[in-house]
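First the proteins, then the strands, lettered A, B, ... as listed; each starts at 1.
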Amino acid sequence: MLQKPRGTRDFLPEEMERRRLIETRMRTAARRWGYREVCTPIFEHLELFTMKSGEGIINEMYAFEDKGGRELTLRPEITAAVMRMYVNEGKVLPKPLRWCYFADCFRYERPQKGRYRQFWQFGVELIGADTASADAEVILLADAVLRTAGVAFDLHVGHLAPMKHLLHGLPAEEQREIMAYLDKHDLAGLEERLGEKGLGDLFTSLVGLMDCRTPGEVFAITGDLPERERIEETFAILDAQGIAYTADFGIARGLDYYTGMVFEVFAPNLGAENQILGGGAYRLAHLFGGDDVASCGFAIGFDRVMVSLGELLLEGEPIAGVVCTPEARARALEVARAFREAGIRTEVDLMERGLGAQLSHAAKTADYAVVLGKREIESGRVTLKNLHSGEQQEMTLADAIAEVTRFGTC
RNA sequence: GCCAGGGUGGGGUAGUUGGUUAUCCUAAGGGACUGUGGAUCCCUCGACCCGGGUUCGAAUCUCGGCCCUGGCCCCA
């Protein structure tokens, strides 16, 4: 038997409906904030991603050469593609741009819980607004999107400026090394490493920074910084809106294009891969030949959200199964058409089974049965049977449609 | 790339001196029954992840691979 490729999944209709439900909630939330959906190619030039993240990531991409000898790759993320798109065709649009996307990405990595080789991201990019309000909007939107999805989460918000200030003056290589320790929360390793270098004071400052829970505490350690006003304003907006978050100035991003505000979200009920969202302010467009526009965005690991949500109760619209005797088949199709035009999910028998067997099947797959036979043809009416209660009644077609649509349409 | 545990009908289980696999539930298809059958009864279909080795004989022993689950690494 053929297996599906490693790290990929099949989704049966029930699972698909769950995913679509959550996806739609996320899209709707973003749309209400003015974020409009964009779509980029599923494969891009390899260079797009190596320019953004370095050559090292080629090993983790589905990279290939096409028949024309082009170096391509399945997209491992969306932000770079959106920024390329911005440079190609978004530069002249009125700022700020509010874009969102829901798309599958591909990474050649070892699968584990919440990590697949084909996975879906929902994200937004706010392009061209370089203010505390912009930083705050993206965080508030992330909070709204996750809340509408119904997932339990912890939001951590930080800013890179205080840490960069403490590391200022060290060689870039050393800064990266220290940030790697912080990113892993390996304080013991960091203390040892900095102790060797005679930087014990720096270690004390960094640990103090990680413990800060308000901007005020941060600036007591770092002193005044140019970014102080922006940081304080961003946090003030979050506080005024009353969202639940933890200030976390220990969030470290080694990549150069992150410029300021950063935030991460964790789901407490996942395993080793428990980060469900990452976001922040960045500057990328200049890498792809555009202006040095300020941007801010986030990406949600959609599959991890679905894992975190666990079993979801789906409440779909009712389904009608039309069952009929042989002489009523034509009438059955007429009735089915009327039901469908009214927005009711309607299925007719294709197996040419007896009435009883049709009803038996309908009981497993539908909520209502519309029974049609000689009697109904003569009366011009239909028999509507509620397959949950077993109650049934002969009525006009219009009344039957009205009865079923009370419980929803599609 | 590394470590650990796994892989037996669609789903769940059992299966060692190596000897035709088995069982339960359920699903599916067919039949009886032909206006309630959402029932009952009968029948059918259906699996040892793949490949090499040892052996008269491998689900079982052995080697390799694939895949799954969790962890490490990485995480744009």
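Checked against the 6.0 Å centroid criterion, the rings of Phe106(A) and Phe119(A) do not qualify as a close aromatic pair. Taking the six-membered ring for Trp and the full ring otherwise, His156(A) and Phe263(A) have centroids separated by 6.0 Å or more.
Contact annotation for Gly56(A): no contact, since no heavy-atom pair falls under 4.0 Å across all strands. Residue Gly301(A) is out of contact with every strand shown, counting any heavy-atom pair closer than 4.0 Å. Arg353(A) comes within 4.0 angstrom of sugar-phosphate atoms only, judged by non-hydrogen atoms across all strands, and of no base.
Atom CG in Leu387(A) sits roughly 8 Å away from atom P in rG38(B) (whole-Å rounding). Rounded to an integer number of Å, the gap from Asp349(A) CG to rU36(B) P is 17 Å. For the pair Leu359(A) CG and rU36(B) P, the computed distance is 10 Å after rounding to whole Å. In this structure, CG of Asn59(A) is placed 16 Å from P of rA76(B), rounded to the nearest angstrom. Remark: P of rC68(B) and NZ of Lys4(A) are 7 Å apart, rounded to the nearest angstrom. For the pair Leu350(A) CG and rG29(B) P, the computed distance is 12 Å after rounding to whole Å. Between the CG atom of Leu277(A) and the P atom of rA76(B) there is a distance of 12 Å, rounded to whole Å. Between the CZ atom of Arg9(A) and the P atom of rC68(B) there is a distance of 11 Å, rounded to whole Å.
In this structure, rU36(B) makes no Watson-Crick or G-U wobble pair, since no nucleotide meets both defining distances under 3.5 angstrom. Across all strands shown, rU20(B) remains unpaired; no Watson-Crick or G-U wobble contact has both distances below 3.5 Å. Across all strands shown, the partner of rA28(B) is rU44(B), judged by Watson-Crick or G-U wobble contacts whose two distances both fall under 3.5 Å. Pair assignment for rC72(B): rG1(B), on the basis of Watson-Crick or G-U wobble contacts that are both within less than 3.5 Å. rC67(B) is paired with rG6(B) under the Watson-Crick or G-U wobble criterion, all donor-acceptor distances under 3.5 Å.
A heavy atom closer than 4.0 Å to some atom of RNA chain B occurs in Val371(A), Gly373(A), Lys374(A), Arg375(A), Glu376(A), these being the qualifying members of residues 367-376 of chain A. Remark: nothing in residues 285-299 of chain A comes within less than 4.0 Å of RNA chain B through any heavy atom.
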What's the verdict on salt bridge (charged side-chain N to carboxylate O under 4.0 Å, His left out) for Arg193(A) and Glu196(A), showing C-alpha distance, side-chain angles and the deciding distance?
CA-CA 5 Å; Arg193(A) 193 80 186 91; Glu196(A) 288 169 13; 2.8 Å; yes
When you look at Gln393(A) and Thr383(A), which way does the side chain to side chain donor-acceptor pair (under 3.5 Å) test go after all the steps?
CA-CA 5 Å; Gln393(A) 197 182 343; Thr383(A) 297; over 6 Å; no
Derivation and outcome, salt bridge (charged side-chain N to carboxylate O under 4.0 Å, His left out), residues Arg20(A) and Glu17(A):
CA-CA 5 Å; Arg20(A) 287 292 188 218; Glu17(A) 283 167 15; over 6 Å; no
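The separation of rU13(B) from rG7(B), taken at their C1' atoms, amounts to 14 Å, rounded to a whole angstrom. With both ends at atom P, the span from rC66(B) to rC50(B) equals 15 Å, rounded to whole Å. Separating the C1' atom of rC73(B) from that of rG1(B) is a span of 8 Å, rounded to the nearest Å. Separation of the P atoms belonging to rG19(B) and rC61(B) is 11 Å when rounded to the nearest angstrom. Separating the C1' atom of rC48(B) from that of rC43(B) is a span of 26 Å, rounded to the nearest Å. Look at the C1' atom in both rG11(B) and rA27(B): the space between them is 8 Å, to the nearest Å. For the P atoms, the distance linking rG64(B) with rU60(B) amounts to 15 Å, nearest Å. Annotation: rG51(B) and rG5(B) have their P atoms spaced 25 Å apart (nearest Å).
Considering every non-hydrogen atom in both Ala320(A) and Ala366(A), the closest pair reads C-CB, 4.1 Å.
Positionally, the nearest nucleotide of RNA chain B for Lys385(A) lies more toward the 5' end than for the other of Thr8(A) and Lys385(A). Nucleotides of RNA chain B nearest to Leu355(A) and Gln358(A) differ in position, and the one nearer the 5' end is that of Leu355(A).
Salt-bridge annotation for Arg375(A) and Glu378(A): absent, with no side-chain N of the basic residue lying under 4.0 Å from a carboxylate O of the acidic one. For Arg283(A) and Asp130(A), the salt-bridge test passes: some basic side-chain N is under 4.0 Å from an acidic carboxylate O. Between Arg253(A) and Asp183(A), none of the side-chain N atoms (NZ, or NE/NH1/NH2) sits under 4.0 Å from a carboxylate O, so this pair counts as no salt bridge.
Across rC67(B), rA76(B), rA39(B), the shortest atom-to-atom separation from the side chain of Ser360(A) is found for rA39(B). Considering only side-chain atoms of Arg6(A), the nucleotide from rA76(B), rU69(B), rC67(B) that sits closest is rC67(B).
Below 30°, between 30° and 60°, or above 60°: for Phe102(A) and Phe302(A) the angle between ring planes is above 60°, a perpendicular geometry. Using a 30° and 60° split on the angle between ring planes, Tyr282(A) and Tyr257(A) fall in the perpendicular class, above 60°.
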Summarise protein proximity over nucleotides 70-75 of chain B in one line of letters, 5' to 3': B for base, S for sugar-phosphate only, - for none, counting protein heavy atoms closer than 4.0 Å.
BBBBBB
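Around the CZ atom of Phe43(A), the shell of radius 6.0 Å holds no more than 12 heavy atoms that belong to other residues, nucleotides or ligands. Open room surrounds NE2 on His45(A); 12 or fewer heavy atoms of other groups in view lie less than 6.0 Å from it.
In the model, Glu44(A) has no side-chain atom that pairs as donor or acceptor with a side-chain atom of Thr73(A) under 3.5 Å.
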